[in-house]
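Data block below; observations after.
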Amino acid sequence: MARHYKKYAKRNKHKRRLKNKAAMQQSKLEFMLSQARKQVVNLSHRKLTDDEYLVLSRGLKFIPSPSVKRAKQDLLHDFDELARKMRCRYLYHGNLDEIHPFRVKSGHTPPLSCNTLENYLFNTKHELSSMQIRKFRNNLSLSQRSGISSLLNDESLIINH
């Protein structure tokens with residue numbers, strides 16, 4: 001009989017803790033939202049959602065954590081661009097005296113150059129491709145990420161700091 005009672009008492013205690021935790025999270029969210037509404041001034045006719053207020057209150061210097069889905073592809077693409085620029089510097093060093101500031105980038109891919117440079121680029125690319133990408137914690141919720149995308153896609157908004 002005592003075991004049966006302890007089992008129910010333990011379950012009820014766990015339920016109370018979950019309710020208290022949910023209530024504390026809700027009150028924390030309401031407090032953060034009230035602070036965000038004080039910090040963000042909406043001068044447009046568009047009604048902002050709660051998540052948009054929370055994102056805007058973080059400030060313009062806030063950087064959301066990047067997506068891990070395409071991290072390795074983006075890294076290898078950026079490295080290919082670096083390799084192209086290094087080959088161009090090696091082949092055309094000293095040929096251009098002054099570069100015009102409004103020059104259109106050609107995107108020219110030069111042929112393979114010096115063996116030393118090519119060995120370095122090959123070994124570095126091999127190291128980058130074999131590197132493991134670690135997962136990290138997101139600093140925004142999914143609803144706040146959708147709030148950022150809706151703010152970015154709205155052409156009528158002007159955001160100043």
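Predicted model, so just to flag it, every value in this text is computed and none were measured.
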Heavy-atom closest pair (I148 atom, P64 atom, distance to 0.1 Å) is CD1-CG, 4.1 Å
Residues K72 and S129: closest non-hydrogen pair is NZ-O, 3.1 Å
Is there a path from I63 to L56 through hydrophobic residues (I, L, V, M, F, W, Y) whose side chains come within less than 4.5 Å of each other?
no
Decide side chain to side chain contact (heavy atoms under 4.5 Å, CB included) for V55 and R145; before the verdict, give the C-alpha distance in whole Å, the side-chain angles of both, and the deciding distance to 0.1 Å.
CA-CA 8 Å; V55 167; R145 285 195 183 272; over 6 Å; no
Looking only at heavy atoms, the pair that brings R46 and S150 closest together is NH2-OG, 4.1 Å
Has E127 got more than 12 heavy atoms of other residues, nucleotides or ligands less than 6.0 Å from its CD?
no
More than 12 foreign heavy atoms under 6.0 Å from NZ of K85: is that the case here?
no
Atom CG of N123 with >12 non-hydrogen neighbours under 6.0 angstrom:
yes
Where Y53 and A36 come nearest, the two heavy atoms and their spacing:
O-CB, 3.7 Å
L76 reachable from Y120 in the ILVMFWY side-chain graph, under 4.5 Å edges
yes
So which heavy atom on R137 is nearest to which on S65, and how close?
O-OG, 4.0 Å
Using a cut-off of 6.0 Å, state whether more than 12 heavy atoms not belonging to L142 lie near its atom CG.
no
On a heavy-atom basis, which atom in L91 and which in P110 lie closest, and how many Å separate them?
CD1-CB, 3.5 Å
Around H126, counting heavy atoms of other residues, nucleotides and ligands shown, do more than 12 lie under 6.0 Å from its NE2?
no
